[in-house]
Each structure stands twice: as C-alpha cells, then as structure tokens.
Amino acid sequence: MARYVALIRGINVGGRQKLAMADLRAILSGIGCTGARTLLQSGNAVFDSGGRPAELEQQIAAGIAETAGLSVRCLVRDRAELDAVIAANPFGHVTDGARLHAMFLSAQPDPRLVAAHDPADLDPGRIRLGDRVIYQWTPDGYSQAPQLAPYAEKQLQVAVTARNWNTVTKLAAMAGT
C-alpha cells in the first residue's frame, strides 16, 4: 500500500459542481482505498491504496461521475512526489502561502511545446516549470496574475489543477501521518 493525494479539479468552486466530501470518501472506499481523509471542500483527499496513480485517477473520476453526475479531472500524486514538489519550490522566500501556487500537471509537457510556449514568459521571475508542476508566485494576488492554468492546458496540452501553497503543505502534512 502506498499513500496518495487526490487533487480533483473544479468541484465545489463558486457554488458549482457540488460534491460532499463524505461522498468523496465513500467513493475512495468503494474503489478499495483505505484511510481516506479530505481537506477543505474543494476536492483534496489523502488515502492509501495498492493501485497505480493513473488507474486511481480514472476510478475516482468515474466514481464521481456515477455518484454525483459530475465530469471532473482527477490527478493523483504519491507522498514522495508531493514531497518533491515542496522540496523543489523555487520561491522559498515567499512567506505568504496564499500567494504561491502549484499548478499540478497531468504529464510533463513536451519540451518542444515548452520551447514554443514557455509559461515563464507570461510573468518572468514569477513562474517556474518543475517536474509535472508549474510554480506561480502572485505577490499582487491571484486575480492580478496571468491565468496560467488555461494557458498551460491550451499551449502545453496537459490538464492542470491548482492549489495554493498553504493547501499543498497541509496535504503533505496529512500524507505524512
């Protein structure tokens, strides 16, 4: 069994695509995951499973579709991958976790697409590409920063779900226990 973090995109945001976290925990239990715990109301869960991440992503998304009729994208990272995202943070000087974001990617983008559409060019010095993640520092607030997730999805052809740094570190703490 491995410990995983599920990052589900677009549920319970702005009053749309509602999914109770109790239902998410039940979905995880129903596909054989154990010890499921959720964080906040926006599709973050930590659980143990013997499954592979790609299979778990599909099973969770299918369970949400079946249970709540919602079409969502789910990304799954194991504990070591989440720890690596934190360790590789290029913006360690940022102390306000609400102004630092991790854009989790469904895959590492094709280097040719990155060369043609480097996300760092949108806001030099405030965006960095990592391993299946893009870091974005938004010192003037998220709403004032370039909309990185739609750009990455269109130009880099990957699915993206964003979490602020406070959420990332809380999930890592949950995954460590």
Side-chain angles (χ1 to χ4, degrees), residues 2-33 36-82 84-86 100-110 113-114 117 119 122 127 129-136 138 142-143 145-172 174-175:
R3 174 120 340 133
Y4 292 105
V5 174
L7 306 162
I8 302 162
R9 184 173 121 184
I11 61 169
N12 299 342
V13 177
R16 296 186 324 250
Q17 299 233 112
K18 292 196 175 262
L19 177 69
M21 294 299 96
D23 290 342
L24 177 55
R25 290 188 297 274
I27 290 165
L28 292 167
S29 178
I31 61 171
C33 301
R37 294 176 289 153
T38 54
L39 175 67
L40 305 173
Q41 293 295 316
S42 58
N44 303 297
V46 174
F47 59 92
D48 297 317
S49 175
R52 294 190 342 235
E55 293 170 349
L56 292 166
E57 289 171 351
Q58 292 174 355
Q59 291 172 336
I60 294 167
I64 292 170
E66 184 177 307
T67 301
L70 303 175
S71 177
V72 298
R73 181 67 191 250
C74 176
L75 300 181
V76 172
R77 297 291 190 268
D78 68 27
R79 180 177 167 190
E81 289 172 309
L82 192 59
V85 165
I86 292 170
L100 178 60
H101 299 81
M103 309 287 169
F104 292 90
L105 310 179
S106 59
Q108 190 65 22
D110 183 314
L113 293 175
V114 173
H117 308 284
L122 294 174
I127 296 173
L129 179 63
D131 184 18
R132 291 194 316 151
V133 66
I134 302 173
Y135 301 90
Q136 183 178 27
T138 61
Y142 191 72
S143 64
Q147 296 302 300
L148 183 55
Y151 177 86
E153 289 195 332
K154 180 178 180 182
Q155 302 300 336
L156 303 180
Q157 300 174 11
V158 292
V160 179
T161 189
R163 298 295 184 274
N164 76 32
W165 204 249
N166 294 331
T167 299
V168 171
T169 57
K170 286 176 186 174
L171 286 167
M174 285 175 65

Would you say [X] and [Y] make side-chain contact, with heavy atoms under 4.5 Å?
{"X": "Y142", "Y": "N164", "value": "no"}
{"X": "M21", "Y": "I11", "value": "yes"}
{"X": "L7", "Y": "L171", "value": "yes"}
{"X": "P109", "Y": "Q155", "value": "no"}
{"X": "V168", "Y": "L82", "value": "yes"}
{"X": "R79", "Y": "V5", "value": "no"}

Open item on the list: Name the residue from L129, T161, L75, V133 that meets the side-chain contact (heavy atoms from CB on, under 4.5 Å) definition with L105.
Closed with: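 Filter result, single survivor: L129.
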How many angstroms lie between [atom1] in [X] and [atom2] in [Y], if you round to the nearest 0.5 Å?
{"X": "D78", "Y": "S49", "atom1": "CG", "atom2": "OG", "value": "11.5 Å"}
{"X": "L100", "Y": "T138", "atom1": "CG", "atom2": "OG1", "value": "7.5 Å"}
{"X": "I8", "Y": "I27", "atom1": "CD1", "atom2": "CD1", "value": "7.5 Å"}
{"X": "D23", "Y": "I64", "atom1": "CG", "atom2": "CD1", "value": "9.5 Å"}
{"X": "N44", "Y": "M174", "atom1": "CG", "atom2": "CE", "value": "8.5 Å"}
{"X": "L39", "Y": "K170", "atom1": "CG", "atom2": "NZ", "value": "6.5 Å"}

Shortest non-hydrogen separation from [X] to [Y] and the atoms involved:
{"X": "L28", "Y": "A36", "value": "CD1-CB, 3.8 Å"}
{"X": "V160", "Y": "A149", "value": "CG1-CB, 3.8 Å"}
{"X": "Q136", "Y": "P146", "value": "NE2-O, 3.0 Å"}
{"X": "F47", "Y": "L56", "value": "CE1-CD1, 4.0 Å"}
{"X": "Q147", "Y": "S143", "value": "NE2-O, 4.4 Å"}
{"X": "V76", "Y": "E81", "value": "O-OE1, 4.4 Å"}

TODO: Could you go through the side chain to side chain contact (heavy atoms under 4.5 Å, CB included) check for V72 and L19 one step at a time?
DONE: CA-CA 11 Å; V72 298; L19 177 69; over 6 Å; no
- [ ] Run the numbers on R25 and T38 for side chain to side chain contact (heavy atoms under 4.5 Å, CB included), then give the verdict.
- [x] CA-CA 7 Å; R25 290 188 297 274; T38 54; 2.7 Å; yes
Summary of salt bridge (Lys or Arg N to Asp or Glu O under 4.0 Å) pairs that have at least one residue in [range], sequence neighbours excluded:
{"range": "residues 151-169", "result": "R9-E153"}
{"range": "residues 62-77", "result": "none"}
{"range": "residues 46-64", "result": "R3-D48, R52-E55"}

